[in-house]
Student: 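Okay, handing you the structure first.
Only a predicted model underlies this, so the values are computations on that prediction, with no experimental measurement involved.
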Amino acid sequence: MQPVNLTRIAKRRLRQVIPAGLGWDQSNWPLTIDLIENNIGRRPIFAPSLDVTSLASYLACLTGPTIYAKANSAAPAGSGTSGDPYRSIWSAIAAANSGGVPCNIVCEKNGSEIFTKDRNFTQGVVTNVPTVDIRFVAKGGRIVSSTQDTNITSWSVDGTFGYTYKPNTTIGDVARVLDIGQRDHLGLHPDLVQVSTAQQCQDTPGSWALVSTTLYVHRADCQPVTNQNTRVLRRTANFAVSGATQRNLFLTGEFAGDGFDLEGGALTGGARGVVNIGYSASSVTKKIFYAKGCSFRYGGIWGGNSDSSNGISGNNMSGLIYLDLCDASGNKNDGINIHDTNAYGLDVLTVHCTGFGNGIIGGTSCNGWTLHEAVRGIDVGGWYEGNGGGNVHLIDDSMAALYGTVCRRSRGDRILFATNSYEPFEVRADDNAEMWLYGTRPEPLHSAAWAHVATGAAIIRKNGVWRSHGHDLKTGTAQILEEAA
């Protein structure tokens, strides 16, 4: 067989339709989407055109002052210069707020050091938020902002329950305990299971128990517990924006592969997230939250359903949430969850994003990508797999167009033995929602599972959707329409 000559592959670039009924805000977010095909049978590539780096708000940050932060648990607080960086991201944000002008915050990699609970974007306080436009830049690799307890520096075997380990400090609350020495079939760090007593922890490999203020951990591999193989996430904030004045925020990397990994984020009450966006007043000028090459994982509290937490929780913003090459996986509830309860006018654009394994540790009606109220959304080339509830879900009067999106092996809620729960579905529209599908690929778990579900008065319009071994279901006056590709 002759090798493929890549220089001679014929490619076609086909401009895609953005449906007029979607009402995409082209005046503020000018967008075209092209389908790039080749002749060797590979998955088509959908390429959007929106260039964030040309926005006036981005350029204002780019030309503003630069503040530096670098995780270093052994060093003093720092002053924010490149030679003496702050030791917490929040210290850099506070300095930016005091400066009062758009700016850059460069977060530098420092070996295995991470920005822990008291050094992350909020310092664990949900009201610690940016009050100016900021461009955050990850430099030198993956920058971890975590809710990991800052004061845990060492572990020792418990004198009574000899298979368990205790940290060097007491601890008031725990959200989740992760085995960061292992990864599951979705590439995520598995949770250790919470039990009630130290004796149960002793008897159950792969568990933890918080008894009063003493934490007991028993790893499944029975190895000694260290900060290198075990992460203790607290019930606290990671990244938040709120208040009456909306801001433009950008999370980027200096070079390809640089980016922010946000892990943990758990607060009581309301829909919360590892990234929590929620303003109290609208903005006449449209704003943007943009993240490229970032991950938002492990939000939420083990067990129960009262304390919800998503990877991205967006609500009540006037403008656009734009995620490019981002991952929102392993969260208690949804991966990407967008609301607009006050009708400020919120759109969402996700490009080549992923959301795996959300809604598996106790949440119900959870999804990889979900919109509510009258939010308008576009997903380009996303991949959502193995989520509880479903993979893509539109509710209320939301609308979305999906291009080449893969929805694979939803697990539904039945595994949680929950009431009012969902059977596995890949794509679903409820109420008055409307969805346009272009070249999407549903892959249900089995032939009895649902590929597309429409209920109420919802409409799903299918254009060149890949054939699936699953079924379509429509109830009420809902419609699932096959349209010309």
Student: Is the count of non-hydrogen atoms from other residues, nucleotides or ligands lying under 6.0 Å from Lys287 atom NZ greater than 12?
Tutor: yes

Student: For the side chain of Asn358 and the backbone of Asn331, is there at least one donor-acceptor N/O pair under 3.5 Å apart?
Tutor: yes

Student: Within the distance-only criterion (no hydrogens, no angle test), does the side chain of Ser468 pair as donor or acceptor with the backbone N or O of Glu443 below 3.5 angstrom?
Tutor: no

Student: Begin from the C-alpha positions of Tyr68 and Lys70 and carry the test side-chain contact (heavy atoms from CB on, under 4.5 Å) through to its verdict.
Tutor: CA-CA 7 Å; Tyr68 292 85; Lys70 189 174 186 178; over 6 Å; no

Student: Would you say the side chains of Ser318 and Ser283 form a donor-acceptor pair under 3.5 Å?
Tutor: no

Student: Considering only NZ, NE, NH1 and NH2 on the basic side and carboxylate oxygens on the acidic side, decide whether Glu385 and Arg409 come within less than 4.0 Å.
Tutor: no

Student: Determine whether Asp25 and Arg376 satisfy the following criterion, salt bridge (charged side-chain N to carboxylate O under 4.0 Å, His left out), listing intermediate values before the conclusion.
Tutor: CA-CA 9 Å; Asp25 185 0; Arg376 296 169 297 192; 5.2 Å; no

Student: In plain terms, say whether Asp430 and Arg428 are close enough for a salt bridge, that is, a side-chain N and a carboxylate O under 4.0 Å apart.
Tutor: yes

Student: Flag the pair Arg297 and Asp327 as a salt bridge only when some basic side-chain nitrogen lies within less than 4.0 angstrom of an acidic carboxylate oxygen.
Tutor: yes

Student: With the side chain counted from C-beta on, respond yes when Met435 and Val427 share a heavy-atom pair under 4.5 Å apart, and no when they do not.
Tutor: yes

Student: Any side-chain heavy atom of Val241 sitting closer than 4.5 Å to one from Pro130?
Tutor: yes

Student: Are Ile288 and Leu55 side-chain neighbours, meaning at least one heavy-atom pair lies under 4.5 Å?
Tutor: yes

Student: Start with the C-alpha gap between Lys474 and Asp472, add the side-chain angles, then the distance that decides, and say whether side-chain contact (heavy atoms from CB on, under 4.5 Å) holds.
Tutor: CA-CA 7 Å; Lys474 57 184 179 180; Asp472 288 355; over 6 Å; no

Student: State, to 0.1 Å, how close Glu254 and Val137 come at their nearest heavy-atom pair, and which atoms those are.
Tutor: N-CG1, 3.7 Å

Student: Does the side chain of Gln148 come within less than 4.5 Å of Ile114's, by heavy atoms?
Tutor: yes

Student: Taking only residues two or more places apart in sequence or in another chain, which ones pass side-chain hydrogen bond (donor to acceptor under 3.5 Å, both in side chains) with Gln16?
Tutor: none

Student: Mind checking the SG-CZ spacing from Cys103 to Arg135? Nearest 0.5 Å is all I need.
Tutor: 10.5 Å

Student: What are the two closest heavy atoms between Ala449 and Pro424, and how far apart are they?
Tutor: CB-O, 4.3 Å

Student: How would you list, by chain and number, every residue that makes a side-chain contact (heavy atoms from CB on, under 4.5 Å) with Val132, sequence neighbours excluded?
Tutor: Ala96, Asn97, Ile134

Student: Between Tyr298 and Leu178, is there a donor-acceptor pair closer than 3.5 Å when you use the side chain of the first and the backbone of the second?
Tutor: no

Student: For Arg87 and Asn72, test the side chains for any donor-to-acceptor distance below 3.5 angstrom and give the result as yes or no.
Tutor: no

Student: Can you name the nearest heavy-atom pair linking Asn333 to Asn310, along with the distance?
Tutor: CB-OD1, 3.2 Å

Student: Taking the basic N atoms (NZ, or NE/NH1/NH2) and the acidic carboxylate oxygens, is any pair closer than 4.0 Å for Glu426 and Arg408?
Tutor: no

Student: If we count only N and O atoms by modelled type, under 3.5 Å, do the side chains of Thr350 and Asp379 hold a donor and an acceptor together?
Tutor: yes

Student: Looking only at heavy atoms, which two atoms of Gly293 and Cys326 are closest? And how far apart?
Tutor: N-SG, 3.9 Å

Student: For Leu188, does its backbone N or O pair with a side-chain atom of Asp184 as donor and acceptor, under 3.5 Å?
Tutor: yes

Student: If you measure only the distance, is there a donor-acceptor pair under 3.5 Å linking the side chains of Glu263 and Ser146?
Tutor: yes

Student: Which atoms form the tightest heavy-atom contact between His372 and Asp396, and what is the distance?
Tutor: CB-OD2, 3.7 Å

Student: Run the ring-centre check on Phe136 versus Phe121 and record whether the distance is less than 6.0 Å.
Tutor: yes

Student: If only atom types and distance count, is the side chain of Thr81 paired as donor or acceptor with the main-chain N or O of Asp84 below 3.5 Å?
Tutor: yes

Student: Before you tell me yes or no, could you show the steps for Leu346 and Ile338 under side-chain contact (heavy atoms from CB on, under 4.5 Å), namely the whole-Å CA-CA distance, both residues' side-chain angles and the distance that decides it to 0.1 Å?
Tutor: CA-CA 8 Å; Leu346 177 56; Ile338 311 297; 3.5 Å; yes

Student: Given 3.5 Å as the limit, does a donor-acceptor pair link the side chain of Ser280 with the main chain of Ala244, or not?
Tutor: yes

Student: Judged by modelled atom types alone, do Thr370 and Asp334 share a side-chain donor-acceptor pair under 3.5 Å?
Tutor: no

Student: Quick one about Thr341 and Asn316 (side-chain donor to acceptor, distance below 3.5 Å, no hydrogens or angles considered), yes or no?
Tutor: yes

Student: Determine whether Val144 and Glu113 make a side-chain contact, defined as any pair of heavy atoms from C-beta on separated by less than 4.5 Å.
Tutor: no

Student: Applying the side chain to side chain contact (heavy atoms under 4.5 Å, CB included) criterion to Val375, which one of Asp347, Leu394, Asn315, Val348 satisfies it?
Tutor: Val348

Student: Would you check if Val275 and Asn238 make a side-chain contact, meaning some heavy-atom pair closer than 4.5 Å?
Tutor: no

Student: Donor-acceptor check, side chain of Asp133 to backbone of Asn248, threshold 3.5 angstrom: yes or no?
Tutor: yes

Student: Report the distance from atom CG of Asn110 to atom CZ of Phe115, rounding to the nearest 0.5 Å.
Tutor: 8.5 Å

Student: Can you tell me if Asn276 uses its side chain to pair, donor with acceptor, with the backbone of Ala240 under 3.5 Å?
Tutor: no

Student: Between Asn463 and Leu437, is any pair of side-chain heavy atoms under 4.5 Å apart?
Tutor: no

Student: If I take atom CD from residue Glu434 and atom OG from residue Ser398, how far apart are they, to the nearest 0.5 angstrom?
Tutor: 10.5 Å

Student: Quick check: does any side chain N or O of Ser313 sit under 3.5 Å from a backbone N or O of Ser309, one acting as donor and the other as acceptor?
Tutor: no

Student: To the nearest 0.5 Å, how far apart are CG in Asn387 and NE2 in His393?
Tutor: 12.5 Å

Student: Using a strict threshold of under 4.0 Å (side-chain N to carboxylate O), is an ion pair present between Asp258 and Lys109?
Tutor: no

Student: Test side-chain contact (heavy atoms from CB on, under 4.5 Å) on Trp383 and His352; report intermediate values, then the result.
Tutor: CA-CA 7 Å; Trp383 191 303; His352 299 138; over 6 Å; no

Student: I'd like to know if the side chain of Glu373 reaches the main chain of Asp340, judged simply by a donor and an acceptor atom lying under 3.5 Å from each other, with no hydrogens or angles considered.
Tutor: yes

Student: Please state whether the rings of Trp369 and Tyr384 are parallel, tilted or perpendicular, taking 30° and 60° as the class boundaries.
Tutor: tilted

Student: Quick one: OG on Ser145 to CG on Asn120, what's the gap to the nearest 0.5 Å?
Tutor: 4.0 Å

Student: Aromatic contact between Phe250 and Tyr58, with the criterion being ring centroids under 6.0 Å apart: yes or no?
Tutor: yes

Student: Quick check: do Thr354 and Phe356 have side-chain heavy atoms less than 4.5 Å from each other?
Tutor: yes

Student: Looking at Phe425 versus His452, is the centre-to-centre ring distance below 6.0 Å?
Tutor: no

Student: Enter the distance from Asp34:CG to Arg15:CZ here, rounded to the nearest 0.5 Å.
Tutor: 4.0 Å

Student: Do you know which two heavy atoms are closest between Ile321 and Gly314, and how far apart they sit?
Tutor: CD1-CA, 4.0 Å

Student: Holding to side-chain contact (heavy atoms from CB on, under 4.5 Å), I want the full list of residues that pass it with Ile18, two or more places apart in sequence or in another chain.
Tutor: Leu22, Trp24, Gln26, Leu31, Ile33, Ile378, Tyr403

